[in-house]
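In what follows, chains carry the letters A, B, and so on, assigned in the order in which the sequence lines appear, proteins first and then strands, with residues in each chain numbered from 1. The basis for the numbers below is simple: all heavy atoms, side chains too, and nothing from hydrogens, waters or symmetry mates.
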Amino acid sequence: MVVMDREKNSYTARELAHLVGGELVGDPDLVIKGVSGVGESRPDTVTFAENSTYLDKAEQSRAGLVIVPEEIEESSKNIIRVKNPRLAFARIASHFAPDMLYRPGIDETAVISSTACIGEDVSIHPHVVIDKEAVIGDRVILAPGVYVGPGVEIGDDTVIHANVVIEYDTVIGSNVIIHGGTVIGSDGYGFVTDEKGHHKIPQLGNVIIEDNVEIGANVTVDRGTSGPTVIKQGTKIDNLVQVAHNVQVGEENLIVAQVGVAGSTRLGRRVTLAGKVGVAGHIELGDNSTIAAGSIVTKNTPSGVFYSGNPAHDHREELKEQAAKRRLPELLKKVKELEKRIQELERS
Amino acid sequence: MVVMDREKNSYTARELAHLVGGELVGDPDLVIKGVSGVGESRPDTVTFAENSTYLDKAEQSRAGLVIVPEEIEESSKNIIRVKNPRLAFARIASHFAPDMLYRPGIDETAVISSTACIGEDVSIHPHVVIDKEAVIGDRVILAPGVYVGPGVEIGDDTVIHANVVIEYDTVIGSNVIIHGGTVIGSDGYGFVTDEKGHHKIPQLGNVIIEDNVEIGANVTVDRGTSGPTVIKQGTKIDNLVQVAHNVQVGEENLIVAQVGVAGSTRLGRRVTLAGKVGVAGHIELGDNSTIAAGSIVTKNTPSGVFYSGNPAHDHREELKEQAAKRRLPELLKKVKELEKRIQELERS
Amino acid sequence: MVVMDREKNSYTARELAHLVGGELVGDPDLVIKGVSGVGESRPDTVTFAENSTYLDKAEQSRAGLVIVPEEIEESSKNIIRVKNPRLAFARIASHFAPDMLYRPGIDETAVISSTACIGEDVSIHPHVVIDKEAVIGDRVILAPGVYVGPGVEIGDDTVIHANVVIEYDTVIGSNVIIHGGTVIGSDGYGFVTDEKGHHKIPQLGNVIIEDNVEIGANVTVDRGTSGPTVIKQGTKIDNLVQVAHNVQVGEENLIVAQVGVAGSTRLGRRVTLAGKVGVAGHIELGDNSTIAAGSIVTKNTPSGVFYSGNPAHDHREELKEQAAKRRLPELLKKVKELEKRIQELERS
């Protein structure tokens with residue numbers, strides 16, 4: 001895969017080294033026009049190698065420039081030496097990534113309340129609706145069909161993809177990305193039941209999303225019953241995830257696709273929930289805990305654990321139990337056989 | 001959390017007592033401007049206490065008015081005595097809840113077929129599309145970007161949130177709430193397969209949603225293959241739920257987030273499906289049955305049961321089996337040891 | 001359920017026989033105005049019978065015409081003899097299915113880039129947005145609120161339902177159907193983590209959807225990190241499914257609701273994933289493999305298998321283990337009892 005610059009200028013090797021704080025060994029004036037994997041590289045693309053084995057391959061490729069770890073001293077290629085080549089490559093790639101939703105100004109089909117407050121250099125696409133008293137930061141991008149409800153605040157440099165719904169009083173930080181079709185601030189699921197039916201408990205809280213959060217497509221984050229639902233800074237959420245009312249998601253969590261977190265649960269810092277995990281309501285998950293795919297967490301978990309299963313518990317225990325489960329049919333036969341042998345012994 | 005009245009007048013204690021059919025003990029002219037939890041209460045807010053322990057706390061708070069159960073005779077606070085304080089509080093809170101989508105009239109950017117029939121005092125937001133022969137009841141709210149297909153009927157006082165899609169011939173009752181991004185009436189998943197591939201079976205039925213149903217965000221409800229998919233009155237559905245073609249959801253069900261119900265299944269009255277439950281197609285779940293989170297229901301279940309597991313069965317049995325599963329690795333060792341002891345006995 | 005022709009002319013029995021390549025036995029001039037199940041049939045509707053038992057019922061119904069298998073020689077009804085009556089009925093039904101989204105021309109509220117290229121006889125509904133350099137084929141239907149990003153290509157006769165989001169550079173074939181609220185081409189979930197947090201890896205690939213694919217409502221298909229995410233021809237995907245970056249879905253797969261497939265996984269030809277299945281990343285599933293509902297697939301699977309469980313393995317093994325699990329509490333007691341009897345024997 002080669003990604004070439006569609007919209008911006010190209011960069012020299014010197015500029016790229018500066019960009020990632022690395023040391024260039026080679027031609028500083030080499031012009032780079034895109035990023036590539038090793039296999040598809042060209043003289044005007046940059047690739048990366050995480051160790052000397054990969055560097056061997058890169059040296060045999062057509063790449064003009066290779067990002068390498070600091071322990072590499074020299075190469076037959078132009079190299080940029082950095083601490084973390086993958087990270088440096090990601091940063092450079094982001095400079096070549098097409099900025100497809102940048103579109104300065106406000107489209108004439110957008111409907112914007114006269115009491116909304118719009119920042120500078122925004123990109124407001126067709127058919128966006130911004131309701132009363134909303135506050136939109138500088139350089140915010142609102143893609144087509146986005147709805148921003150009354151009193152919503154959106155920080156600088158945030159990108160909201162097409163057809164996202166943001167209900168009233170939601171607060172979104174800076175540098176946030178929200179992908180298409182996601183709904184933020186829908187009512188939490190709360191009812192009082194009597195013999196006549198289920199009566200709605202008004203959901204009077206809101207949603208707070210801190211800086212540098214990314215949220216995938218078709219996610220749902222409900223507003224709090226009273227008080228906020230919170231997603232703390234640096235957390236990354238994948239597609240089709242459900243975050244219920246009054247949940248607090250800690251800093252820098254990784255929440256993979258189709259996870260569901262029930263009401264009032266609190267996730268610590270750097271928690272990882274793999275795909276399809278379910279977390280019960282009103283519990284706490286400790287910092288740095290990791291839950292394996294498809295598990296159901298039913299009670300508080302300490303910090304630093306790796307849990308799996310339904311109900312989730314220590315992953316090594318779960319693996320032992322799974323292995324034992326495989327031997328269950330055989331075990332049943334064995335016990336039957338032993339019983340017979342005991343009967344024999346008892347008889348004699 | 002304090003919620004104050006943003007848009008309406010405040011209420012006197014007398015008015016609030018009347019509203020919930022309770023008995024006021026205290027100052028009838030006290031002016032209340034919002035609802036609050038005990039912790040954040042103020043002299044102009046109302047809170048509630050479900051028993052005398054909570055009432056002690058409420059009496060030490062700043063709340064001007066407390067809703068209490070009937071068995072409470074008096075208090076140092078102004079009180080309203082009712083049968084169900086939580087329910088009464090929910091009702092009062094709903095009067096203070098901001099009516100954020102109320103916006104009388106039809107926005108000029110809405111596109112409405114000349115053959116559609118629109119009720120009185122509707123709120124039709126920007127970029128709504130109403131297709132031919134649709135019938136919209138009185139006081140209906142259609143938030144921005146809602147699509148109402150041909151022949152759809154929507155009853156009085158129903159609220160449809162932003163970017164919801166309602167496909168042709170869907171029938172929606174009165175007092176229904178549908179949250180953002182939900183799709184009602186998409187084609188059921190039906191194909192005839194031969195050696196050339198999978199051939200679509202046209203989905204010619206529709207969807208019927210009865211009165212007082214609430215449906216969460218990014219839910220999908222498919223139209224019937226022939227005949228309708230039905231969601232009966234008073235049922236409450238959470239976010240990201242899938243209801244397949246020709247399913248019949250009974251009255252007053254509670255269907256929690258990320259549940260999936262496969263085709264032609266019938267759920268009885270007051271069924272509860274906890275988060276992430278899956279229900280197979282072509283089966284029936286009895287009235288008042290409850291299925292625990294993450295379970296997969298594969299066959300008919302009687303009324304009144306509490307089931308869990310995959311496949312779902314009696315919850316107490318499942319708990320016993322889970323406890324036994326934890327002891328499996330130890331059991332395998334034990335049986336090995338017993339076999340040795342039997343060998344010893346057999347040898348002697 | 002009777003579906004009558006709302007928009008087109010009726011058909012004679014001769015025309016319908018010709019349509020499905022069947023042999024008519026009966027009145028060629030009989031006029032048929034709709035399709036019906038046996039129970040609701042009328043003299044001007046056609047129904048079908050897959051065998052002689054169902055034909056008995058059809059003969060007692062009011063249906064004017066019955067589609068039957070070739071082995072049926074004659075009947076008291078007008079019949080059309082075909083190889084696969086269900087398939088023939090589906091084809092006929094599709095001719096009576098209302099073409100609800102057909103609406104020739106481009107609505108004046110659609111916003112279309114001057115550099116987009118639009119085919120002939122398209123139906124472009126209100127509030128559609130088509131971005132720069134997009135290419136739209138002939139007879140394509142874009143329902144209200146659809147967003148087509150820059151550089152997207154859509155083949156002839158494809159139907160995109162309301163509020164679908166198609167991000168930049170996505171390639172969609174001919175005769176594709178995508179249901180409401182689905183998001184194609186959102187960023188894959190990729191980050192580099194260091195002590196400062198999770199840093200986004202730009203997702204520079206795209207999505208390729210081949211001919212005759214159908215995708216349900218509120219589905220998410222992420223773009224590749226580099227290189228494409230691919231859904232091959234004839235695959236049918238149900239609602240609320242997640243397809244991660246760089247996944248390759250083979251030809252004619254059936255992927256049922258709420259399935260999740262993690263990054264870079266490759267599904268063979270005619271794979272079936274039942275509801276709520278999860279598939280781990282970077283693995284391969286062989287052709288014609290079937291995974292039962294709610295299973296989690298964690299490693300490569302051979303062709304032709306039927307797997308279930310978490311982790312998924314041979315379904316017959318899983319059933320045996322489930323049966324043994326039911327007997328676990330009893331087994332624990334039994335082993336305890338045997339130990340006592342051994343102790344008795346050892347003592348004597």
Does a salt bridge link A:Glu318 with B:Lys325, judged by any charged N lying under 4.0 Å from a carboxylate O?
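The answer is yes: the pair qualifies as a salt bridge.
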
Any salt bridge linking B:Arg326 with A:Glu317? Criterion: basic side-chain nitrogen under 4.0 Å from a carboxylate oxygen.
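Here B:Arg326 does not pair with A:Glu317 in a salt bridge, since their nearest N and O are not under 4.0 Å apart.
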
Side chain from CB out, backbone as N, CA, C, O: work out which of these in [X] comes under 4.5 Å of a heavy atom of chain B, or both, or neither.
X	result
A:Glu344	neither
A:Val221	neither
A:Lys200	both
A:Val148	neither
A:Ile296	side chain
A:Leu345	side chain
A:Val128	backbone

Return the minimal non-hydrogen interatomic distance between [X] and [Y], and the atom names on each side.
X	Y	value
B:His127	A:Val129	CD2-CG2, 3.5 Å
B:Ser94	A:Pro202	N-CG, 3.2 Å
B:Leu101	A:Tyr147	CD2-OH, 3.6 Å
B:Leu240	A:Leu240	CD1-O, 3.5 Å
B:Gly181	A:Val183	N-CG2, 4.1 Å

Counting heavy-atom pairs under 4.5 Å with chain A, which one of B:Pro144, B:Ala293, B:Pro126 comes out on top?
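Top option by heavy-atom pairs under 4.5 Å: B:Pro144.
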
Chain B contacts, top residue of [options] (heavy-atom pairs, under 4.5 Å):
options	result
A:Asp187, A:Ile342, A:Val335	A:Asp187
A:Gln242, A:His199, A:Lys196	A:Gln242
A:Gly294, A:Ala323, A:Ala324, A:Ala262	A:Ala324
A:Arg327, A:Glu337, A:Gln203	A:Arg327
A:Ser348, A:Gly188, A:Pro311	A:Pro311
A:Asn310, A:Ile201, A:Thr193, A:Asp222	A:Asp222

Would you mind checking which part of [X] comes under 4.5 Å of any heavy atom in chain A, side chain (CB onward), backbone (N, CA, C, O), both or neither?
X	answer
B:Lys276	side chain
B:Gln258	side chain
B:Glu346	both
B:Asp238	both
B:Leu254	both

Does the side chain of A:Glu167 pick up a donor-acceptor pair with the side chain of B:His179 at under 3.5 Å?
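No, no side-chain donor-acceptor contact under 3.5 Å.
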
Donor on one side chain, acceptor on other, A:Asp194 and B:Asn84, under 3.5 Å
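No pair is found: no donor N or O on one side chain lies under 3.5 Å from an acceptor on the other.
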
Keeping the roles fixed (side chain from A:Tyr189, backbone from B:Asn239), state whether a donor-acceptor pair exists under 3.5 Å.
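No; judged by distance alone, with no hydrogens or angles, the pair does not exist.
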
For A:Leu338 and B:Glu339, run side-chain contact (heavy atoms from CB on, under 4.5 Å): C-alpha distance rounded to whole Å, both residues' side-chain angles, the deciding distance at 0.1 Å, then the answer.
CA-CA 7 Å; A:Leu338 294 185; B:Glu339 187 171 21; 3.7 Å; yes

From CG (B:Asn163) to CG (A:Asn163), nearest 0.5 Å
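Answer for the CG-CG pair, B:Asn163 versus A:Asn163, is 4.5 Å.
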
From NE2 (A:His198) to CD (B:Glu251), nearest 0.5 Å
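The CD atom of B:Glu251 is 10.5 Å from NE2 of A:His198, to the nearest 0.5 Å.
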
So A:Lys320 and B:Leu328, do their side chains get closer than 4.5 Å, heavy atoms only?
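The answer is no, as the side chains (C-beta and beyond) never meet within the 4.5 Å cut-off.
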
Residues in residues 210-218 of chain B near chain A [non-hydrogen atoms, under 4.5 Å]:
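Answer by number: B:Glu214, B:Ala217, B:Asn218.
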
